[in-house]
Amino acid sequence: MARPRYQALKGTQDVLPPASARWEALLATYAATVERAGYGLVQSPMFEEIGVFQRESEGADAVRKEMYDFEDKGGQHIALRPEGTASVVRAFVQHHPLTPWKVWYATPAFRYENAQAGRFRQHHQVGLELLGTADPEADVEVVTIAAEFLHALGLRQVELQLNTMGTVDDRVRYVEVLQGWLRERVGDLDPEDQARVEVHPMRVLDSKRRATRAVTAEAPAIADHLSPESEAHFAAVVDGLSAVGIEPTMAPRLVRGFDYYTHTTFEFVPTLVDNAQATILGGGRYDGLVEELGGPPTPGIGFGSGIERLLIACDAEGVFPAPPTALDVFVVDVTGGAHARELTRELRAAGIRCDRAFDQRAMRAQMKAADRSGAPFAVIVGDQEVADGVATVRPLAEFGAEQTTVPRADLVAHVSALLTDLPSKDAP
RNA sequence: GUGGCCGUAGCUCAGCUGGUCAGAGCGCCGCGUUGUGGUCGCGGAUGUCGGGGGUUCGAAUCCCCUCGGUCACCCCA
């Protein structure tokens, strides 16, 4: 068939009802989880001056070559946010709120890359940031909340991978060790990875290529090259998690995409999803980022979680079904539509969810629409009802109730009572 | 940016050694029941067969280009 003139761009998608109901439910679950822990919503602009994301130290592909950037009419170099953290940190620096500052967000994120399973040009993240404390307890809280969130969605087959990047100094020393080790084995690496030994040695650890993995399985781990302070921090995090029953998988080769991470880094990976892009939630500590964006030295930690990937993981586990369509009543008016207008207004004002048909359709068609709407009751108004000043209430599903006729004045109360008595339809 | 696979009605797909090739199921609309949905029966609408070019008497079917989708690399949520 002919493709319409305009379509959603590559790597973007429309989320329509009823599928969008899962988004609503996910967002509600997330907000409830983090607000219970004292995090407040932060809304920041979806675009920023490009420097917010693309700082001199930043070598991540997501901001180096995948940025959606443009020059605006005033000549400013603008970029659509590729991730959530940098904007929040910029807002922190700009408004200097009291610390610890605990905020959460839900936002689209943009990266110019080719789409594949679990990867889009516009994807959506929920996340949180905790700024102003270097306490390993903060690391524990953030990871714990992440785990609670995933659990609340119904996800069970999820693995937590944990690593540490140490301090900047730790990392410099480690990279030197790692680079020297890799140089001796560069010939055994996958050709595609050989050049990276010089450019970005830690990325080699993260490679998925078989030959490279065989080599790096034996590579020195950063955990063995930490300063005593960093070691103590990491140990405290591991102990704290263990104390709340979270047993992470130590992942010495876990290298997160953004260069600003220090100390704790972590990812939650669904074990049942076989996409290459499976990580549903990732985060870590970023103790130098606030300073880099012009603020006072301030430690911070947070995570981001991809909604699209969360839903893929939920599907893989067969959990988190979309809630049923939320309608209580469908008004069928075969007198032209004016009564449907009045009744829906009345019912809605009383908090009853209802819909109606348009176009003066035949009763049969309106009843069909009522059935399809999922509402448990149809309220029918025809010439006879109008003449008698009543409305007919017809049950649409199998719960034994009889079709009844009630005075118009009693309709709302009658329907309310019926809905209250409804056999629980919330069972999954 | 690179590579594999794919692109026929709203959806899922059949047709593809070129010649009733424009189809099926589901869905949608109407009617049977001029005031009652879900079952059933009958009837109906919708496609420039992704787009463009080429080969041919003839192309949804073959070739080229292009666009789009999908999966993978890179990278990340």
Contact class for A:N275 (heavy atom, under 4.0 Å): base, sugar-phosphate, or nothing?
sugar-phosphate

- Query: How would you label the contact of A:G382 with the nucleic acid (heavy atoms, under 4.0 Å): base, sugar-phosphate, or nothing?
  - Reply: base

*Indicate, with a heavy-atom threshold strictly under 4.0 Å, whether A:L281 touches base, sugar-phosphate, or nothing.*
sugar-phosphate

Practice item. Determine whether more than 12 heavy atoms belonging to other residues, nucleotides or ligands lie under 6.0 Å from atom CD of A:Q43. Key: no

Which part of the nucleic acid, if any, lies within reach of A:A365 when heavy atoms closer than 4.0 Å are counted: base, sugar-phosphate only, or nothing?
sugar-phosphate

Original post:
Does the side-chain ring of A:H124 sit on the six-membered ring of the B:A77 base, less than 5.5 Å centre to centre and under 30° in tilt?
Top reply: no

- Task: Under 4.0 Å between any heavy atoms, over every strand shown, what does A:R364 touch: base, sugar-phosphate, or nothing? Just pick one.
- Result: base

For a quick check of understanding: with a heavy-atom distance under 4.0 Å over all strands, which category does A:E83 fall into, base, sugar-phosphate or nothing?
nothing

- Task: For A:G84, report the nucleic acid contact type (base, sugar-phosphate, nothing); a contact means any heavy atom under 4.0 Å.
- Result: nothing

**Request:** Side-chain contact test, heavy atoms from C-beta onward, threshold under 4.5 Å: evaluate it for A:E49 versus A:R90 and give yes or no.
**Result:** no

Practice task
Select base, sugar-phosphate, or nothing to describe what A:E267 touches, counting heavy atoms under 4.0 Å on all strands.
Solution key: nothing

If you draw a 6.0 Å radius around OH in A:Y68, do more than 12 non-hydrogen atoms from other residues or ligands fall strictly inside? yes

Paired to B:A9 by Watson-Crick or G-U wobble criteria (both distances under 3.5 Å) is none

If only side-chain N and O atoms of A:R119 are considered, is one of them under 4.0 Å from the OP1 or OP2 phosphate oxygen of B:C74? no

inquiry  = Over all strands shown, is A:Q366 touching base, sugar-phosphate only, or nothing at heavy-atom distances under 4.0 angstrom?
reply    = nothing

Look at A:R361 and B:G30 and indicate whether a side-chain polar atom (N or O) is within less than 4.0 Å of OP1 or OP2.
yes

task = Mind checking A:A370 for me? I need base, sugar-phosphate or nothing, with any heavy atom below 4.0 Å counting as a touch.
result = nothing

